[in-house]
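Heads up, the thing below is written out as structure tokens.
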Amino acid sequence: MDEKDPEIINKTVGCKTCKAVNRRDFLKATAAAGVAGLMLDGKEVFASGDKKSQSKSIKKIPEGFTSDPITEKLIDHAHKQNIDLVWDRKAHCEFSEEGNGGISGVCCFHCNMGPCTLGEATGYEYGACGATADTIVARGLVGRVTCGASAHVEHARATAKTLKGVATGKIKAYKIRDKAKLDVLYKGLGCKGKNKALAVAETCLSDLGKDEGEPAWLGYKANAERKATWKKLGILPTGAGAEISQACHRTHMGVDADMTHLATDALKLGLVDGYCGLHPATDMQDVLFGTPKLVSSLANLSVIKKDRINIIVHGHEPILSEKIVEAAEKYPSPPRSINVVGICCTGNEVLMRRGVPLAGSMVQQELAIVTGAVEAMVVDVQCIMPNVQRVAQHFHTKIITTNPQAKITGATHIEFEPEKADEVAQKIVKIAVDNYGLRKSNKVMIPDHPPAKIMAGFSVEQIIGALSKLNASDPLKPLIDNIVGNNIRGIVAIVGCVTPWDHYGYRHLALTKTLLAQNVLVVGTGCWAHVAGQRGLLEPNPDYPGVGDGLKAVLKAVAKANGVPALPACRHMGSCVDNSRIEDVLNAVAGYLKVKISDLPVAASAPEFITEKAVSIGTWAVNLGAMTHIGGQPYVSGSKNMVKLLTDGVEGLVGGKFYVETDPNKAAQTILAHVNAKRKKLGLAV
Ligand code: NFS
Ligand code: SF4
């Protein structure tokens, strides 16, 4: 492309109007032509790489919020090299604005009489087949919950197959690390047979394959009251495969066209996620790799080291990354010591069990490569932006895909099989070591800010273990007493992704800090944990800055009883599948107080949710009885009936409901009001 050709700009502008612009080419062309920004129909459609014009498009930082300097510097560094990032590519269609088309969920692609877009965008009330906005929105929601659930189901399947291979002796690379947990599962699931690991693995695989009865993990983990409620509503799932297949069938053109009927299927798929995905994945991973215990580490992109061979593990399933960590440790006399760091939930998994530093959240994955110091980014599944390969082309970094279900065009694919885990891991580590020679030192830019100190590893077993130092015979009592006595106002789980459509981490931080100041015990997982960690909320700081006095006193007492100087303000409970651990805590508290989860002063929040997995986890949380805040549009606003059902009607069915609010300060106030209302109802002081 001749970047100086002004025609290119015109052509690209034409392209921009059809919203299919290649922003990077556009940046290059306009920068070469000396154009800083372009206006189209009175709107700024583009600001070039020129800093002055770019800053115009950056929203003002909210008062009291400091942006993360490491992230900011790397974003600037990328822009200087004309590398576009997730923050730059807002490729929304022109109908996607709020209340109009895409974002409101009224676009349907289910058949070739479409695509049909209803509502303000086109003025149509019905699709070509006569589908209403209610039907189209409901089908879309069912589709997203199904897809999210399937991701966790595949995660559980991979873990179960590995455990089965270990149990039968076919897989030698792994062993059972937590026999006690295996015993607990075996008993809890009502397994039979001498080979406990085999019985547990087969129970999971049977839950994925069957089409009658209910998932064994649901029978084991959900409390009796919940099971009865779901049964009454007819939303108890059978097996994952059958439910996912039926959901796809129901959303096919011309099958299910009743909003409420479809919505109950979404609830059912939320349960599939919880009990055929999250719980079995967490439990069997603990058996194979160990149940997390308190662990200290570091967080943020500056865990990538200039003088080391840096390998990033990224994705979700720790089966390979566990081995990469091991292979790196054992690598024969490397020329430079190897530094394995993690991104996304694979990062959380190896942090929780091995103390591997957290390099960054989902939206920081491109920035990791922009440091110029990453020899290999080893990815498995989920939340891997294909753009990592485009960014890697500017550097020596090798993107290595490993899962048979996930390839990226241009990346190196080295297929992982648990049977050959050691061999594959060693091969990958060698590729990274060899690749170090191709690193260009003048391309290395790791911001000169130290990573934050973090403490993680808060499995339920760890939490109970720590509480037992206060009361050995009744470890939950100190927690309950402090909730009743209002030192702990309530428990809020803040989880999920980080959005690029706001200042990095702003919604997570604003919400978390407000709740902590009000003595709310914040537990969390996923990419929330990256942001919380990077910004000091997982640091065991004996001053407990920003933490309310009641909560501070509790944390101090638990720390003292456990002989550690301090505990972090928030509890990092793991990856997104580890949301299962949060249910275990809620069930324990509800059981102790002999009330329903929906009666407890608790809530869930995904203030920056992005993925379909976040939607299915949120649906599961609603099923549990939790008010579930989401900080973004879930593509349902095009159906007023659906909005009413999700934010109100569903509460009468399962006790939980969705609450949508992008402003974290408003959300915090609503969540606090909810927690206080629940306290009042229980007769507790507010
Ligand atoms: Ni959860 Fe983990 Fe992050 Fe969101 Fe993706 S990494 S599974 S989906 S983006 S929190
Ligand atoms: Fe349009 Fe109906 Fe086909 Fe959807 S299923 S694209 S609404 S005709």
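What you are looking at is a predicted structure, and each value in this text was computed from that prediction instead of being measured. Atoms within each ligand, like the ligands themselves, are counted from 1 in listed order.
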Which segment of Arg139 sits under 4.0 Å of ligand 2 when only heavy atoms are counted: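 Arg139 to ligand 2: side-chain contact only, backbone stays beyond 4.0 Å.
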
[X] with [Y]: basic N within carboxylate O range, under 4.0 Å:
X      : Y      : value
Asp663 : Arg507 : no
Lys293 : Glu461 : no
Arg581 : Asp286 : yes
Arg89  : Asp84  : yes
Lys221 : Glu583 : no

Close approach of Gly496 to ligand 1, heavy atoms, under 4.0 angstrom: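 Gly496: in contact with ligand 1 (<4.0 Å).
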
Can you tell me if [X] uses its side chain to pair, donor with acceptor, with the backbone of [Y] under 3.5 Å?
X      : Y      : value
His316 : Gln382 : yes
Asp380 : Glu317 : yes
Thr135 : Ala131 : no
Thr159 : Met284 : no
Thr611 : Ala614 : yes

Counting each atom of ligand 1 from 1 as listed, which ones have a heavy atom of [X] under 4.0 Å away?
X      : value
Cys344 : 6 (S)
Cys497 : 4 (Fe), 8 (S), 9 (S), 10 (S)
His316 : 2 (Fe), 5 (Fe), 6 (S), 7 (S)
Lys613 : 5 (Fe), 7 (S), 8 (S)
Cys576 : 1 (Ni), 2 (Fe), 7 (S), 10 (S)
Cys527 : 3 (Fe), 6 (S), 9 (S), 10 (S)
Met362 : 9 (S)
Thr611 : 8 (S)

Number of protein N/O/S atoms that sit closer than 2.8 Å to atom 3 (Fe) of ligand 2: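 With waters ignored, the protein N/O/S count below 2.8 Å is 1.
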
Closest approach of any protein heavy atom to atom 5 (Fe) of ligand 1, naming residue and atom: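 The answer is Cys383 SG, 2.3 Å.
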
Arg353 to Phe289, cation-pi by 6.0 Å centre distance and 45° axis angle: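 Not satisfied by the 6.0 Å and 45° rule.
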
Gln382 contact mode with ligand 1 (heavy-atom cut-off under 4.0 Å):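 Under 4.0 Å from ligand 1, Gln382 contributes no heavy atoms.
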
Positive for side chain to side chain contact (heavy atoms under 4.5 Å, CB included) with His279, one of Asp584, Val577, Asp273: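 Passing option: Asp584.
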
Metal site atom 4 (Fe) of ligand 1: N/O/S of Cys345 inside 2.8 Å: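 Checking atom 4 (Fe) of ligand 1 against Cys345, no N, O or S atom falls under 2.8 Å.
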
